Visitor: 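Before I ask anything, here is the structure I am working with.
Just so we're clear, the structure is a prediction, and the values are computed from it rather than from any experiment. Only this structure's heavy atoms are used, side chains among them; waters, hydrogens and symmetry mates stay out. Start at 1 and go down the list; that is how both ligands and their atoms are numbered.
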Amino acid sequence: MEKVCILGLGYIGLPTASLLAAKGFSVHGVDKNPKVVDAVNKSYPHIHEPGLSNLLESAVHSGNLMASLEPVHADIFIITVPSLITDEHLPDIAHIKEAIHAIAPYLTPGCLIIIETTVPVGTTEKIAGWLSQLRNDLIIPSMTSTVPKAGKEKQVFLAHCPERVSPGRTLIELVENSRVIGGIDQLSGQKAHMFYKRFVCGELFITNARTAELTKLAENSFRDVNIAFANELSLICANLGINVWELVKLANSHPRVSILDPGPGVGGHCLPKDSWFIKHAAPELSKIIHTARKINDCIPNEIIVQIKCKAACFQEPVIACLGLTYKSNTDDLRESPAIKIVKQLLDEKVGKILIIEPHINALPKTLAKHDRIKLVDLQEGLTQANLVVLLVAHDTFKNIGKNILKEKVVVDTRGMWL
Ligand code: SAJ
């Protein structure tokens, strides 16, 4: 049975660990948070993902999955710790460096190291450099030179295989999506291909590490740019008195047009960050990508202006904010534009705020410290509010009766009720 050691048991690492254990690999999960380690060993998923609870339970009970604070010797190491950006929008790969330092003592000749985290271009080569320094008894391949025959038995393999899953569909997409495999050298690409072939039914494309790094960044920037286009259209439409949702629907009836949905901004752990990685790598050349990012970043402020304008109609505005997560039908609050909007309304003391978010049990700390905010259920929120703001298109909000909304002033940032 092949041994896999996965570092970072979060939104990607935990579902991947559970899936691999279910496929018969012996999986050792590593996380630096003892609460996460404890939860995994008790087969309690600390994140919400459809199907994960059952899969984790059977993985742990089968004995194929266990977690600890430290890595172990393994045939395959998978890095799924987060990459970040600083407040100045510079790439921060400190967690990856830490993970590489953590696994270094456990590497043995022939093992395969896979980086699934989205990273700036050149990171895999940087990792090869760190590994060469940490383990000069091993041969770490590079993109520019081939491993000499004499060194083959001391060689380890290294590849960047960026995850591509959409939270909420992780377990399906881990198996069904095609993947791009970027070997630091040809043999590393082939080794990684053999591994993914065992549980992925989507197509597997082998390339080099740099191309794989930029491919992943390009995918997310493509989406960011296209959402920015939709968001810019919504600003233009508002200015010209045109309903943007009708406009998008009509334009999309053209066979070669597919405009995405405008919204209250772009959130999640990936899209707001990845365009900055490209901008940082090629500052003078990433003009559209950078402009799009700036447009998406300013959208929450535009929504706040709209809400304040409507709230000004009331002496005592009571604002029901529907949805707080970064996108629909998830409990994921990371980089949520809805949170930014609500926080600003609280800071500016715009009315009393009622939050309706069926996917959470308590408000995040940044909001809970204010006294003019309350987490309520849908019925209470709709009864008490005079202004209703739809921030996230959760399915549960679809069926709110038109007769109820007719009695309220409404800001629908997702075009759900129009
Ligand atoms: N959004 C809009 N309008 C749209 C689509 C999305 O405003 O038409 C907003 C969402 O509300 C959300 C944000 O964009 O705030 C991001 O949502 P998303 O569904 O576009 O993307 P993520 O962040 O959940 O997942 C993305 C995916 N990348 C692509 O679709 C190219 C996923 O496949 C990646 O694996 C993931 O980033 C990642 O981990 O990088």
Visitor: I'd like to check whether T118 has a polar contact with ligand 1, where a contact means an N/O of the residue lying under 3.5 Å from an N/O of the ligand.
Guide: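 No; every N/O pair is 3.5 Å or more apart.
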Visitor: Less than 6.0 Å separating the ring centroids of F157 and F77?
Guide: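 Ring centroids of F157 and F77 are no less than 6.0 Å from each other.
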Visitor: Specify the protein heavy atom at minimum distance from atom 27 (C) of ligand 1: its residue, its atom name, and the distance to 0.1 Å.
Guide: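 Result for atom 27 (C) of ligand 1: N220 OD1, 3.9 Å.
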Visitor: Rounded to the nearest 0.5 Å, how far apart are CG of L391 and CD1 of I341?
Guide: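 Going from CG on L391 over to CD1 on I341, the span is 5.0 Å.
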Visitor: Around atom 39 (O) of ligand 1, find the nearest protein heavy atom and jot down its residue, atom name and distance.
Guide: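 Atom 39 (O) of ligand 1 sits closest to the protein heavy atom E163 OE2, 2.5 Å.
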Visitor: Only heavy atoms of V266, strictly under 4.0 Å: list the atoms of ligand 1 that pass.
Guide: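 Here the atoms of ligand 1 in question are 13 (C), 14 (O), 15 (O).
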Visitor: Suppose we measure from atom 26 (C) of ligand 1 to each protein heavy atom; which comes out shortest, and what is that distance?
Guide: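 So the nearest neighbour among protein heavy atoms is L271 CD1, 3.7 Å.
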Visitor: Report yes or no: does a heavy atom of R334 sit under 4.0 Å from some atom of ligand 1?
Guide: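 It does not, in that no heavy atom of R334 comes within the 4.0 Å cut-off of ligand 1.
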Visitor: Relative to atom 25 (O) of ligand 1, which among P167, P82, G268 owns the nearest non-hydrogen atom?
Guide: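 Shortest heavy-atom distance from atom 25 (O) of ligand 1: P167.
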Visitor: Mind checking whether R223 has an N or O less than 3.5 Å away from an N or O of ligand 1?
Guide: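 Checking ligand 1 against R223, an N or O pair does fall under 3.5 Å apart.
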Visitor: Please confirm whether D261 comes within less than 3.5 Å of ligand 1 when only nitrogen or oxygen atoms on both sides are compared.
Guide: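 N/O-N/O distance under 3.5 Å: yes.
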Visitor: How far does NZ of K216 sit from CZ of R164, to the nearest 0.5 angstrom?
Guide: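 Answer for the NZ-CZ pair, K216 versus R164, is 8.5 Å.
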Visitor: Just by distance, no angles: are the side chains of Q306 and E302 close enough, under 3.5 Å, to form a donor-acceptor pair?
Guide: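 No, because no side-chain N or O of Q306 sits under 3.5 Å from a partner of the opposite role on E302.
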Visitor: Name the closest protein heavy atom to atom 16 (C) of ligand 1, giving the residue it belongs to and the distance to 0.1 Å.
Guide: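 Ranked first by proximity to atom 16 (C) of ligand 1 is G267 O, 3.6 Å.
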Visitor: Nearest 0.5 angstrom please: I299 CD1 to L235 CG, how far?
Guide: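 Between I299 CD1 and L235 CG, I get 4.0 Å after rounding to 0.5 Å.
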Visitor: Within less than 4.0 angstrom of ligand 1, does E335 place any heavy atom?
Guide: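 Outside the 4.0 Å threshold, so no.
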Visitor: Please tell me if the side chains of I303 and P300 come closer than 4.5 Å, counting only heavy atoms from C-beta onward.
Guide: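 Not in contact.
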Visitor: What's the shortest distance from atom 19 (O) of ligand 1 to any protein heavy atom, and which residue and atom give it?
Guide: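 The closest heavy atom on the protein side is K327 NZ, 3.2 Å.
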Visitor: How far does CD of E407 sit from OG1 of T383, to the nearest 0.5 angstrom?
Guide: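 Separation between the atoms: 10.0 Å.
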Visitor: Who's the nearest protein heavy-atom neighbour of atom 15 (O) of ligand 1, and how far?
Guide: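 Result: Y326 O, 2.7 Å.
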Visitor: Considering all heavy atoms of both residues, which atom of I181 and which atom of G189 are nearest to each other, and what is their separation?
Guide: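 Smallest interatomic distance, heavy atoms only, reads CG2-O, 3.7 Å.
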Visitor: Given 3.5 Å as the limit, does a donor-acceptor pair link the side chain of T413 with the main chain of L390, or not?
Guide: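 A pair under 3.5 Å: yes.
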Visitor: Please verify the inter-ring angle class for W276 with H89; under 30° counts as parallel, over 60° as perpendicular, anything in between as tilted.
Guide: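 Correct class here is parallel.
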Visitor: Looking at OG of S53 and NE2 of H48, how far apart are the two atoms once the value is rounded to the nearest 0.5 Å?
Guide: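 If I round to the nearest 0.5 Å, the distance is 9.5 Å.
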Visitor: Checking a contact table here: which protein heavy atom is nearest atom 33 (O) of ligand 1, and how many Å away?
Guide: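 Result for atom 33 (O) of ligand 1: R164 O, 2.8 Å.
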Visitor: What atoms in ligand 1 come closer than 4.0 Å to a heavy atom of E219?
Guide: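 What qualifies from ligand 1 is 31 (C).
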Visitor: Could you name the option among I227, N226, L391, V165 that has the heavy atom nearest to atom 14 (O) of ligand 1?
Guide: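 Comparing heavy atoms across I227, N226, L391, V165, the nearest one to atom 14 (O) of ligand 1 lies in I227.
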Visitor: Would you please indicate yes or no on a ring centroid separation below 6.0 angstrom for F397 and H394?
Guide: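 Yes, they do, as the ring centres are separated by less than 6.0 Å.
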Visitor: Does H269 approach ligand 1 within less than 4.0 angstrom via side chain, backbone, both or neither, non-hydrogen atoms only?
Guide: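 It is neither; nothing of H269 touches ligand 1.
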Visitor: Hey, which atoms in ligand 1 end up nearer than 4.0 Å to a heavy atom of R414?
Guide: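 It comes down to these atoms of ligand 1: 7 (O), 11 (O).
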Visitor: Any idea which protein heavy atom is nearest atom 38 (C) of ligand 1, and the distance to it?
Guide: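 Nearest protein contact, heavy atoms only, for atom 38 (C) of ligand 1 is C270 SG, 2.8 Å.
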